[in-house]
Structure formats: structure tokens, C-alpha cells
Amino acid sequence: MNSKSPISRFPYLRQDFAASLVVFLVALPLCVGVAVASGVPAELGLVTGIVGGLVTGLMRGSSLQVSGPAAGMTVLVFEAVKEFGLPALGVIVLATGLLQVAMGLLKLGRYFRAISVSVVEGMLAGIGLVLIAGQLYPALAAKAPGSGLGKIAGLPGAFLDALGDGTAVASLAVCAGTIAVLLLWKHVPAKVRTLPGPLAAVGLATVAAFALDLPVATVEVRGLLGSVQPPPLSAFGELAGVGMLGTVVAFTLIASAESLFSAAAVDRLHSGPRTEYDRELVAQGAGNTVCGLLGALPMTAVIVRSAANVQAGARTKASRVLHGVWLLLFAALLPGVLAYIPIPALAGILVYSGAKLVPVRALAVLWREHRGEALILSVTAVSIVAVSMFEGVLIGLALAVVKTAWEASHIKLEVIDKGAGPVDARLSGNATFLRLPKILDSLESLPQDRPVRLDLSGLHHLDHACRTALKNWAERHSAAGTEPVKLMAPVG
């Protein structure tokens with residue numbers, strides 16, 4: 001009987017085991033923080049992290065990418081829970097998962113790579129701005145306004161109100177201290193840095209709040225089984241509404257784009273197997289389907305956890321599966337620990353995460369080198385803040401399509417005028433309605449008292465609007481008694 005030892009069957013078990021502990025310690029505060037910021041029980045963030053490890057982690061796609069609740073979905077989830085209620089969240093996430101599975105099976109995963117990078121970065125920047133503004137309110141022990149613009153506009157007043165309030169000052173101090181630890185953690189000795197920054201920051205904030213008896217709000221604990229609520233059948237009827245369908249599309253688009261762009265980034269961090277995009281989309285969809293059935297948060301691949309996984313030496317998907325096991329054990333055995341975590345500390349974690357979503361340096365470089373792309377990024381971000389997530393992404397996509405169409409419609413007019421005889425004009429490139437004003441301005445400047453020969457053979461594309469306009473121009477251009485414009489290529 002030929003039986004293999006565990007070492008030969010899992011040659012990288014030691015590396016994967018060590019990496020899984022690091023990822024677990026990174027994921028724990030983020031799972032809780034994203035859940036609290038989304039307006040749902042903290043345990044639901046842990047459920048999504050567990051499913052991300054045990055379901056998505058076992059499936060093929062991207063071997064080292066780690067999935068769970070993401071800061072990038074926080075704003076959208078909060079809006080959905082506020083509009084449709086917590087029971088409907090499971091329905092939305094379930095429908096999102098099934099859509100992702102269908103798209104993966106239809107081989108549509110690779111096409112997400114065709115989405116303009118500027119739109120995705122603008123989407124994340126808009127989410128980051130709303131996330132920062134929204135989390136500053138729990139940091140000030142205040143209630144956040146509903147809209148993105150309201151959150152930003154109300155911040156000066158919230159800070160002024162906090163000045164004379166001891167509870168607000170203590171809460172803000174805990175948040176600021178958490179952010180300070182995250183910013184300074186890279187400067188501590190290497191041995192200390194084996195503890196992930198987010199966990200260290202939350203741990204120190206928890207100890208400080210407890211030791212100093214600070215009057216700050218802490219996480220409300222309901223218990224894992226008490227928080228898991230499968231969506232009731234009555235909630236499925238809301239899928240017939242346009243509002244919920246739009247939310248499902250927004251969840252699907254954003255979760256899929258964030259996961260697949262994260263996969264591309266993770267591929268650049270290691271030399272192992274490359275991501276199979278369609279399989280990864282199926283894996284994400286399967287995870288979201290399970291999360292929906294459990295009434296939990298949606299999941300995406302998360303670059304912070306994935307990068308920690310790679311940097312900790314993970315070699316196979318065993319590390320992300322084990323991180324799900326550790327989250328499950330924590331949720332089952334130590335849920336009471338959550339009740340000691342200060343909410344302003346979690347707000348600090350998410351303010352820090354939101355700031356990393358806003359690509360300030362990249363935008364400055366983009367503005368110098370590709371102003372059109374910088375404009376798309378900025379407009380997408382501002383639209384998300386001013387209107388909503390879904391509409392902001394659609395505005396960004398529409399702007400990217402218009403920019404691409406504009407750049408693709410290059411047109412050049414060459415005029416050879418020898419001073420006497422016919423004037424030769426040649427159009428080359430792509431003649432589309434977007435360039436029609438420029439084409440007509442150039443042609444109408446040609447002399448009307450001499451014969452004109454217009455050569456269209458250099459055009460790669462001539463759309464209907466340009467074709468009609470050129471015919472009309474040719475018919476009316478020549479002055480009376482002058483030979484009509486001669487078209488050197490058929491336009492009919």
C-alpha cells in the first residue's frame with residue numbers, strides 16, 4: 001500500500017500555515033470594521049470572511065488571492081440596508097452571486113479587464129471619499145447624514161459640536177490614535193511588525209479605552225447564530241422592483257471589477273500560477289451565493305489581505321482556506337471579545353483604508369501625462385460622492401466610451417492648392433459625427449470659385465452622419481458657374 005506522508009502531499013504546509021495566521025490577524029479587524037460601517041451586526045463580517053476562506057478559497061481561479069468583506073463595498077451595502085432593510089441584503093447578495101457564476105460560466109470574466117482603469121480608480125476614489133467622511137462621524141460620536149455630499153458638508157459642524165463634548169473628544173482621540181499607529185507601524189522594529197498593523201492598532205485602542213475607562217461606544221455583540229438570518233421568502237418579491245435590480249447590478253459590477261483588478265495586482269506580486277479570470281469570477285459568485293443564503297455581507301477579493309498573504313510566504317490556496325478556519329474558530333469560541341473593541345478604533349481603520357483608495361499621487365501623474373484619463377477618474381469620483389455609487393460608475397463608463405470614440409475618430413484634411421486649377425483635398429482617418437464640425441469647418445474654408453476634388457479613399461470609416469453631410473456640402477459648395485465638387489471615392 002503506497003501512502004504518501006502529509007509532508008509530501010502538502011510540501012508547502014509550513015509556509016501556508018504561517019501565512020494563514022498573518023492573514024487571519026489582518027482580516028479579523030477589517031471584517032468587523034466593514035460590518036459595523038455597513039450598518040449590520042459585526043458577526044456578519046466574520047461570516048463573509050469565513051465563507052471567503054472555506055468556499056471561495058477552495059475553488060480554482062487565483063491561488064493566492066484572499067476574499068472577504070471589502071471596504072470598497074461598504075458605502076453601497078450601507079445604502080442598500082438603509083433603503084431595503086437587512087433581510088433584503090441576503091437577497092441582493094444571493095442574486096449578485098448567481099449573476100457572477102453565470103458570467104463566469106459564459107466566459108465574461110476576461111472582459112472586465114477591458115473596463116477603463118480610470119473608471120475603476122475613480123470608483124474606488126469616490127468610495128474612499130464617502131467612506132472617510134462617513135467614518136469621521138462615529139469617530140466624533142455623532143450620527144452621519146444620509147448622502148455623500150451631506151456627509152462632507154456636515155463635517156465642519158460636527159467637529160465644532162465635538163469641541164465641548166467629552167465623549168466626542170475621547171472618541172476622536174481613540175480614532176486618531178488608531179490612525180497614528182497604522183501610519184507609524186512600518187517604522188517599528190521588524191520583530192514587532194510580525195503583528196499586523198490593523199490588529200495592533202485595534203488592540204492598543206481597546207486596551208487604552210479599557211484601562212482609561214474612556215466613554216466610547218463599543219461593538220454590539222449578538223452571537224454568530226443570532227446574527228445569521230437567511231433571507232425570508234417575502235424579501236425575494238422585491239427583486240421585481242427597479243430599485244433593487246439596479247442595486248444588484250451595482251453590486252455585481254463593483255464586486256466583480258474589484259475582485260478581478262485585485263487578481264491582476266496579486267499576479268504582479270508573485271511568480272506562481274496566473275489567475276484564470278472566468279474561474280475566479282465563478283469562485284467569487286459561489287462565495288456570494290453562500291453569503292446571500294446566510295444573510296451576510298457581499299465578498300470581493302481584497303488586495304490588503306491578498307498582499308499580506310503573498311508577503312507572508314504563502315505558496316498555495318491552503319493559506320486562505322486555513323485563514324477561514326481561524327476566523328470560524330474565533331467566531332465560535334471568542335465572540336465576546338468583540339464587545340471590547342471601540343467603534344472609533346474601527347472607524348480609524350476604515351478612514352485609513354479609505355485614504356488608500358484615493359490615488360492622489362497617481363492622479364497628479366495622470367494629470368501631467370493623460371489629462372483625459374485624469375478627468376474620467378475625477379468625474380467618476382465626484383459623481384459617486386454627489387449622486388450615488390451606481391450612477392457615478394455609469395457616468396464614468398459613459399465618459400470613458402465617449403473619450404475612446406473621440407480619440408478613435410482621428411481625421412486629417414490635406415489640401416493641395418497650386419494657386420490655379422482644381423484644389424485637391426484628401427480626407428484620411430475615421431470620419432465620425434464627433435469630428436463632423438471640424439470636417440465641415442475645414443471644407444467650407446476651401447475656395448468656392450474653383451473646382452474642388454475631394455479624395456475620400458484614405459478614410460477607414462465613414463459614418464452615416466458624415467456621409468450625408470459631405471454630400472450636402474458637395475451640392476452647395478460650388479459657386480454658380482463653377483464646376484461641381486468632384487468626389488474621388490463613392491459615398492453613396
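Residues Pro198 and Leu182 are in side-chain contact: their nearest non-hydrogen atoms beyond the backbone lie under 4.5 Å apart. The shortest side-chain heavy-atom distance between Arg320 and Val23 does not fall under the 4.5 Å cut-off. Between Ile341 and Val202, the closest side-chain pair of non-hydrogen atoms falls below 4.5 Å. Contact check for Cys291 versus Val47: no side-chain heavy atoms found under the 4.5 Å cut-off. Two residues are said to be in side-chain contact when any heavy atoms from C-beta on lie closer than 4.5 Å; Tyr352 and Leu183 meet this criterion. Looking only at side-chain heavy atoms (C-beta outward), Ile343 and Thr218 stay at 4.5 Å or farther from each other. Between Leu363 and Ser378 the shortest side-chain heavy-atom distance falls below 4.5 Å. Looking at heavy atoms from C-beta onward, Leu21 lies in side-chain contact with Phe17 at the 4.5 angstrom threshold.
Residues passing the side chain to side chain donor-acceptor pair (under 3.5 Å) test with Ser67, sequence neighbours excluded: Gln284. Taking Phe210 as the reference, nothing meets the ring pair (Phe, Tyr, Trp, His ring centres under 6.0 Å) condition, with sequence neighbours excluded. Scanning for side chain to side chain donor-acceptor pair (under 3.5 Å) contacts around Thr275 gives Ser62, Asp267, with sequence neighbours left out.
Remark: Leu328 CG to Leu46 CG distance equals 10.0 Å, nearest 0.5 Å. Interatomic distance, CG of Leu214 versus OG1 of Thr206, reported as 11.0 Å (0.5 Å rounding). Distance CG/Leu105 to CG/Asp278: 9.0 Å, rounded to 0.5 Å. Here CG of Leu30 is found 11.5 Å from CG of Leu25. Values are rounded to the nearest 0.5 Å. In this structure, OG in Ser262 is found 10.0 Å from CZ in Arg305, a value given to the nearest 0.5 Å. Atom-to-atom distance recorded for Arg315:CZ and Gln15:CD is 6.0 Å, nearest 0.5 angstrom.
Without hydrogens or angle criteria, Thr74 side chain to Ala37 main chain gives no donor-acceptor distance under 3.5 Å. Not a single donor-acceptor pair under 3.5 Å links the side chain of Lys317 to the backbone N or O of Ser63. Between the side chain of Trp185 and the main chain of Ala200, no donor-acceptor pair closer than 3.5 Å is present. Counting only distance, with no hydrogens or angles, the side chain of Thr300 and the backbone of Glu258 share no donor-acceptor pair below 3.5 Å. Proximity of a side-chain donor or acceptor of Thr316 to a complementary backbone N or O of Ala318 within less than 3.5 Å is detected. In this structure a side-chain-to-backbone donor-acceptor pair under 3.5 Å is missing from Asn309 to Ala314.
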message: Go through it in stages, so that I can follow the logic: the residues are Glu43 and Val228, the test is side chain to side chain contact (heavy atoms under 4.5 Å, CB included), and I'd like the CA-CA distance, side-chain angles, deciding distance and then a yes or no.
response: CA-CA 8 Å; Glu43 291 86 349; Val228 172; over 6 Å; no
- prompt: Are Leu163 and Phe159 close enough, and set up right, to give a side chain to side chain contact (heavy atoms under 4.5 Å, CB included), and what steps lead you there?
  reply: CA-CA 7 Å; Leu163 291 178; Phe159 274 102; over 6 Å; no
- request: Start with the C-alpha gap between Ile395 and Thr380, add the side-chain angles, then the distance that decides, and say whether side chain to side chain contact (heavy atoms under 4.5 Å, CB included) holds.
  value: CA-CA 6 Å; Ile395 290 168; Thr380 303; over 6 Å; no
message: One pair to check against side chain to side chain contact (heavy atoms under 4.5 Å, CB included): Val337 and Phe330. What are the steps and the verdict?
response: CA-CA 9 Å; Val337 173; Phe330 177 87; 4.1 Å; yes
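Across every non-hydrogen atom of Pro156 and Ala153, the tightest pair is CD-O, 3.4 Å. Here the shortest heavy-atom pairing between Gly33 and Leu350 reads O-CD1, 3.1 Å. Residues Ala347 and Cys175 come closest through the heavy atom pair C-SG, 4.3 Å. Nearest heavy-atom pair across Ile50 and Gly324 is CG1-O, 4.0 Å. A pairwise comparison of heavy atoms in Ala71 and Ser353 identifies CB-CB, 4.4 Å as the closest pair. When all heavy atoms of Ala168 and Ala162 are compared, the closest pair comes out as CB-CB, 3.6 Å.
Salt-bridge check for Lys403 with Glu373: passed, with a basic side-chain N closer than 4.0 Å to an acidic carboxylate O.
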Check: residues 231-254 side-chain donor-acceptor pairs under 3.5 Å, at least two apart:
{"residue": "Thr247", "atom": "OG1", "partner": "Gly243", "partner atom": "O", "Å": "3.0"}
{"residue": "Thr252", "atom": "OG1", "partner": "Val248", "partner atom": "O", "Å": "2.8"}

Which atom pairs, one a donor and one an acceptor, fall under 3.5 Å between side chains of residues 75-104 and the rest of the protein, sequence neighbours left out?
{"residue": "Thr96", "atom": "OG1", "partner": "Ile92", "partner atom": "O", "Å": "2.8"}
{"residue": "Gln100", "atom": "OE1", "partner": "Asn288", "partner atom": "ND2", "Å": "2.8"}
{"residue": "Gln100", "atom": "NE2", "partner": "Ser256", "partner atom": "OG", "Å": "3.0"}

Side-chain donor-acceptor contacts of residues 125-146 below 3.5 Å, not counting sequence neighbours, with atom names and distances?
{"residue": "Tyr137", "atom": "OH", "partner": "Lys151", "partner atom": "O", "Å": "2.6"}
{"residue": "Tyr137", "atom": "OH", "partner": "Leu155", "partner atom": "N", "Å": "3.2"}

